[in-house]
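Notes follow once the structure below has been shown.
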Amino acid sequence: MDIAVETLIDQETLERRICEMAAELDQTFDGKEVRVIGILKGSIYFMCELTKRMKTPVTLDFLSISSYGNGMESSGVIHFDKDLDEPIEGKDVLLVEDIMDTGRTLSYLLKVLQERNPASLRVITLLDKPSRRLVKIEPWMTGFTIPDRFVVGFGLDYAQNYRNLPYIGVIE
Ligand code: IMP
Ligand code: MG
């Protein structure tokens, strides 16, 4: 892919904010184990950077649900591609998302996960585009609130490309 990428959030700014978030999480969980759930594939970079800075004991699990096609627009179709490996009943759960956009993905997921009776269920997202929200839902913690631009990098893709950019960029 050869499209110009403009930096929106640079590496240093990302790292600083993620350190702050990890410290806040440590305060919240206060030494109690937390099950961190990454939503594949977009959240993996954020999940790694976040959890390795936490002192809270964590266990990791992943799930995959698709809500986007290979373009920039939501397909409106949500599909469960991979479920969790472990039950979450009685666990303090932290659901890690790369970006919250319309909120459709998360509202669906939260409903499904809540039915499994976790002790608590919180959503942390690296990025939030609140201006695009179609479902009334807010993350528990947000890294950066961004304008309505299509972003890539740090896990986020455009047609599966650009995920490994070490910063958040905008493509036009
Ligand atoms: P929602 O269901 O509309 O909130 O969509 C959330 C999902 O859409 C995210 O997990 C991303 O995979 C994808 N997404 C939304 N906005 C962007 C973007 O600007 N860049 C890349 N992926 C995005
Ligand atoms: Mg995606």
Side-chain angles (χ1 to χ4, degrees), residues 8-9 13-14 17-18 20-22 24-25 28-29 34-51 54 58 60-84 88-89 91-163 165 167-172:
L8 182 68
I9 307 170
T13 309
L14 281 169
R17 179 67 186 126
I18 292 171
E20 278 175 18
M21 293 170 98
E24 265 188 69
L25 289 169
T28 300
F29 292 106
V34 55
R35 173 71 46 85
V36 182
I37 297 177
I39 303 172
L40 297 172
K41 313 178 182 91
S43 71
I44 58 167
Y45 289 77
F46 175 43
M47 185 177 182
C48 288
E49 295 304 306
L50 184 70
T51 52
M54 288 167 65
V58 301
L60 307 180
D61 206 344
F62 297 92
L63 57 78
S64 178
I65 148 176
S66 31
S67 64
Y68 258 63
N70 265 350
M72 292 191 184
E73 283 303 313
S74 171
S75 64
V77 181
I78 287 162
H79 176 73
F80 230 113
D81 299 320
K82 184 213 169 290
D83 203 341
L84 297 170
I88 54 170
E89 183 164 357
K91 302 280 182 194
D92 288 303
V93 173
L94 182 68
L95 193 58
V96 183
E97 185 50 308
D98 52 356
I99 186 166
M100 204 157 156
D101 189 29
T102 66
R104 279 202 195 114
T105 312
L106 232 24
S107 88
Y108 171 79
L109 251 182
L110 287 176
K111 226 176 286 164
V112 172
L113 296 181
Q114 203 68 66
E115 281 166 12
R116 299 181 188 182
N117 298 315
S120 64
L121 179 56
R122 292 178 172 87
V123 175
I124 185 167
T125 185
L126 178 63
L127 306 174
D128 189 10
K129 285 199 274 197
S131 60
R132 296 254 310 164
R133 204 76 89 248
L134 295 175
V135 181
K136 202 170 170 285
I137 182 173
E138 295 308 324
W140 170 71
M141 195 190 289
T142 300
F144 301 89
T145 299
I146 61 166
D148 182 12
R149 312 279 298 275
F150 194 85
V151 290
V152 294
F154 216 76
L156 289 140
D157 73 301
Y158 171 56
Q160 299 302 326
N161 289 96
Y162 303 109
R163 289 194 197 274
L165 287 180
Y167 57 91
I168 300 287
V170 174
I171 54 175
E172 296 306 343

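In this text, all values refer to a predicted model and were calculated from it rather than measured experimentally.
- Contact between P139 and M100 at its shortest, heavy atoms only, is CD-SD, 3.6 Å.
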Worked check of side chain to side chain contact (heavy atoms under 4.5 Å, CB included) between I99 and I146: CA-CA 10 Å; I99 186 166; I146 61 166; 4.0 Å; yes
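- Between R116 and D83 there is a salt bridge, since at least one side-chain N of the basic residue sits less than 4.0 Å from a carboxylate O of the acidic one.
- Salt bridge annotation for D98-K41: absent, with no cationic side-chain nitrogen under 4.0 angstrom from a carboxylate oxygen.
- Between the R133 side chain and the D101 main chain, a donor and an acceptor come within less than 3.5 Å of each other.
- For the pair F29/V58, no side-chain contact is recorded, criterion being any heavy-atom separation below 4.5 Å from C-beta on.
- In terms of modelled atom types and a separation under 3.5 Å, the side chain of K82 and the main chain of F62 share a donor-acceptor contact.
- Side-chain contact between I37 and I88 is present, with heavy atoms from C-beta onward closer than 4.5 Å.
- Side-chain contact between L25 and I124: present, with at least one pair of heavy atoms (C-beta onward) separated by less than 4.5 Å.
- Checked options I9, I171, I168; the residue passing with V151 is I168 (criterion: side-chain contact (heavy atoms from CB on, under 4.5 Å)).
- Residues I39 and L63 form a side-chain contact, since some pair of their non-hydrogen atoms from C-beta on lies under 4.5 Å apart.
- For the atom pair CD1 (I65) and CG (L109), the distance works out to 4.0 Å, reported to the nearest 0.5 Å.
- The shortest non-hydrogen separation linking K129 to D148 is CD-CA, 4.0 Å.
- Rounding to the nearest 0.5 Å gives a distance of 9.5 Å between CG of L8 and CG of L14.
- The CG atom of L156 lies 13.0 Å from the CG atom of N161; values are rounded to the nearest 0.5 Å.
- Although no hydrogens or angles enter the test, the distance criterion places no donor-acceptor pair under 3.5 Å between the side chain of R17 and the main chain of L126.
- Aromatic ring orientation, Y158 versus F150: perpendicular (interplanar angle above 60°, classes split at 30° and 60°).
- Across T142 and M21, no two heavy atoms sit closer than the pair C-CE, 3.5 Å.
- For the atom pair L50 CG and L94 CG, the distance stands at 7.0 Å (nearest 0.5 Å).
- Residue R35 holds its CZ atom at 12.5 Å from CG of L121, rounded to the nearest 0.5 Å.
- When all heavy atoms of P118 and V93 are compared, the closest pair comes out as CB-CG2, 3.9 Å.
- Within the 4.5 Å cutoff, no side-chain heavy atoms of I44 are placed close to those of R163.
- Taking CZ from R122 and CG from L110, the interatomic distance works out to 13.0 Å, rounded to the nearest 0.5 Å.
- Side-chain atoms of T125 come within 3.5 Å of backbone atoms of L127 as a donor-acceptor pair (strictly under, hydrogens ignored).
- Here the closest non-hydrogen pair linking L113 and L84 is CD2-CD1, 4.0 Å.
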